[in-house]
Amino acid sequence: MERSPWDPEAVVELALEPSGRLSKQSAAGGNSPEHSLNPERCYEVMLAARRVDLCLERLALPAWASAAGEEAPAAALGLAMAGQLEASTSPPTADEKSSNPGVRDRIFPGRRDLALPIALGVPLAELLVQSAAPYHAGAAEHWRAFRSDEGRSDSAKALLAQQHDELGLDLLLATGDARVRRLAAQLGDALTPELAAMRNGVTVACFGEGLTTHASFLEATSIAVAADLPLVFVSKSRQWADSAPAEAGILGDNLADRARACGLWTRRIDGADCIGIHHYLRRAIERAREGHGPALLDLVVTPASLQPPGHRDPIERLRRHLHRRGLWTEEYAEQLDDRITELLDAGISLLSGLGFPVPEGFSLESNGHGPNGPSSPQLTLTSPPTSNGKSTEDGRGQRARQRAVPSSANAESTTSASQTAEDLSDARAQPS
Amino acid sequence: MSDRASTLAPPSTSPAAHDTSQATVLDSLADLIADLLRSDPLRVLLGEDVRDGGMLGLSRQAMADAALEARVLATPLGSSGTVLHACGLARAGLRPIVLLPSATALIEALTGLRTVGAAAADGTDRAPVLFVTPSGPGFGMSLDAGSEASDAPETFLGTVPGLRMYSTGLAADLPASLASAAQFADHDGPALLAMPRAELLEGAPTEKASPQADTLEPVRTLRGGSSVTVFCWGSVVRATLDAAAGFDSEAVHICELTRLAPLDEAAIVEAAQKTGRIIIVHAGPRRLGLAPVLAALLADEAIASLDAPIVEVAGRRTRGAWDESAALPSETAIATAIANALNY
């Protein structure tokens, strides 16, 4: 785990190091932990989310703000919960046969958590339509029909709660959802079979750290602790609250410490480390499921717009890991990119068919020829550099970055590329 | 406004509390709340101090029943948090009843409540949650005396899509009103019952109501007459009846609006057309609110039947606990309006 000034963790059990090497430390007297995250699947989900993010920016949606660089929390959560769903649905217990076991868990997504529905099986085309739905009647109608389709079987339908714009509303709705699970555990068969089946369920609420300066956060954590709810708070932290100085957001310490003082089980984790996030998410979810109460994960992410070093990008970090294990090749990357482009193409066609005004000159290519031009900072990390420093899009994204950023940042990018090459050389010497 | 309720009286604990003929309104409401929980396993009771008797002792009968106690859920002080927490319970499948000390909690949660209500109104999500709150002056304390939110909550909460709003003005009708408000259809949105503080503390004997009852008429005729129609609701109903007592028994037609949303527009128009002279009496200042909505409705639907301008009789913004009774229009003001309408 990368050190940070506010990192409170003395022992990190499982982490993906900046080089892509997996490090493990056993707790006192315990065995070394193993992770159950499928890294290739996670890589694909994060990359698809990054491409959707870029696509939405080029569609010029009125209120879209890129979350490039912040994909790991949502991807890890989606894959962790998808695994839980599979475990809970096969086979159903006798009590669950008459009910929908899918309601056992519920996720309240944060804003721009694109990787979450992707990990849970929502088609990329439908995700584009969902994102456009607030601004276009045809998209809204299509999304509403898709969401309410009784024949739909993807995990997202069962797991994802409807998202709202009102600040803090979803956090408080999540406390209500979790309290029903707590009551189901207490009252069991005194409730309806459908509600009784929620007794082993967990609620997960995702949000950005900015919300922690809002009253709803204090109210939600207070209720969660007071009622000992099976509720996992997942905070995506940029280490400052939006539109506020760092001191306002973190109040002189960090969110994990503050939440721990409230009585919550907490962990502060590198938000670029999808394996570490997945590990601690599963722990938080399992302990909540076993009746040990609420938890909070404080995930420190770095937006791609800040032009961070390559290892702060979760996609690049995981790519290095896959490369170490021989699972990432340029051929694989090209095939994956083509597949995602094909799926997004279908989404753009769907949107056009619904009457959505796709901007003139819109392009899915990562070459800077979209409506935002080559200066779009998100282009820089759209495709991770390869071991020889060449982008997976024939170097065009890399060249766009060179054009887009000031000379000092270019120097940092060059350094980053050099680090990448060194790391990979190191990987060849010491495969994990 | 009489001095019938100048203190926050403790709830009745008399042995006669369960004797129907002797029960006060608080006794009847506490019994009914327990019965509501017994009759539906999906109902839960929420509030800051509900596990300790709750607002005015309304949860004490539920807490006295070991079979119900687990469904009495204390919530922290944060009032908007309690409101939206309850909405989350409702969306997940329960039917919460929330006891609030004042309607201001709902105002604090207004943006979230509007979203939850809209989803229920659209049929995209359910929210069968009932909020029960006192309104108007009567506690003689500075809690939120003089607050428009407390005196006339409909002024603000009328903007919540899908919200059913009940406001019963007489103590004897409060149990029936609570029973009606607690009934939810499959996709019903949230509901609110505002109860006049002064009536809650009256202590008059009140009959119990069945937890299944949904018998309350949205527009109730309290007094029949043929010359002037007075619409009133909530804390001003008692004062309106008293003001009308000095007029000819055949002259004044008094209609209580017991359901403020959705309005029973047909019944309101019909009552207006009976006399052609309209007076609207309500608590709180004369600003926005339900009165102009009613006036516009009648201008639109009954203009040909009107023989006089529509008159609004309101209270005023108050300045503190010592001034709280000014939130209601005086009996004199109401009587003057009636006399003017009769002589127009």
**Prompt:** At a heavy-atom separation under 4.5 Å, does A:T175 approach chain B through its side chain, its backbone, both, or neither?
**Reply:** both
**Complete:** Taken to the nearest 0.5 Å, the spacing of B:T111 OG1 from A:L167 CG works out to 8.5 Å
**Complete:** Whatever's closer than 4.5 Å to a heavy atom in chain A on B:A86 counts as neither
**Request:** Apply the test side chain to side chain contact (heavy atoms under 4.5 Å, CB included) to residues A:L195 and B:L94: give CA-CA distance (whole Å), side-chain angles for both, the deciding distance (0.1 Å), then the verdict.
**Result:** CA-CA 9 Å; A:L195 291 179; B:L94 296 181; 3.6 Å; yes
**Pick from A:L187, A:L218, A:L171, A:I223 with the largest number of heavy-atom pairs that fall under 4.5 Å of chain B** = A:I223
**Request:** Counting only heavy atoms closer than 4.5 Å, note whether A:L183 contacts chain B via side chain, backbone, both or neither.
**Result:** side chain
**Prompt:** Heavy-atom count around B:R51 CZ within 6.0 Å, excluding the residue itself: above 12?
**Reply:** yes
**Message:** Please determine whether the number of non-hydrogen atoms from other residues, nucleotides or ligands lying under 6.0 Å from atom CD of A:Q186 exceeds 12.
**Reply:** yes
**Message:** Are A:L169 and B:V116 packed together at the side-chain level, in the sense that at least one heavy-atom pair is separated by less than 4.5 angstrom?
**Reply:** yes
**Message:** At a heavy-atom distance under 4.5 Å, which candidate from B:S80, B:P41, B:G93 has the highest pair count against chain A?
**Reply:** B:S80
**Item:** Heavy-atom proximity to chain A below 4.5 Å, by part of B:D122
**Value:** both
**Fill in**
Across all chains, not counting sequence neighbours, the side chain to side chain contact (heavy atoms under 4.5 Å, CB included) partners of A:A178 are A:T203, A:L229, A:P230, A:L231
**Region of B:L73 in contact with chain A, defined by heavy-atom distances below 4.5 Å** = both
**Message:** With no hydrogens and no angle check, just 3.5 Å: does a side-chain donor-acceptor pair link B:T124 and A:Q162?
**Reply:** no
**Fill in**
Heaviest contributor of heavy-atom pairs below 4.5 Å to chain A, chosen from B:P96, B:A74, B:A109, is B:A74
**Asked** Any idea which heavy atoms bring A:V180 and B:A92 closest together, and the distance?
**Response** CG2-CB, 3.5 Å
**Complete:** Interatomic distance, CG@A:L173 vs CZ@B:R91, rounded to 0.5 Å, equals 5.5 Å
**Message:** When you compare the side chain of B:T75 with that of A:R179, does any pair of heavy atoms fall below 4.5 Å?
**Reply:** yes
**Under 3.5 Å side-chain donor-acceptor pair for A:H164 and B:T115** = no
**Asked** By a 4.5 Å heavy-atom criterion (distance strictly below it), what part of B:V83 contacts chain A: side chain, backbone, both, or neither?
**Response** neither
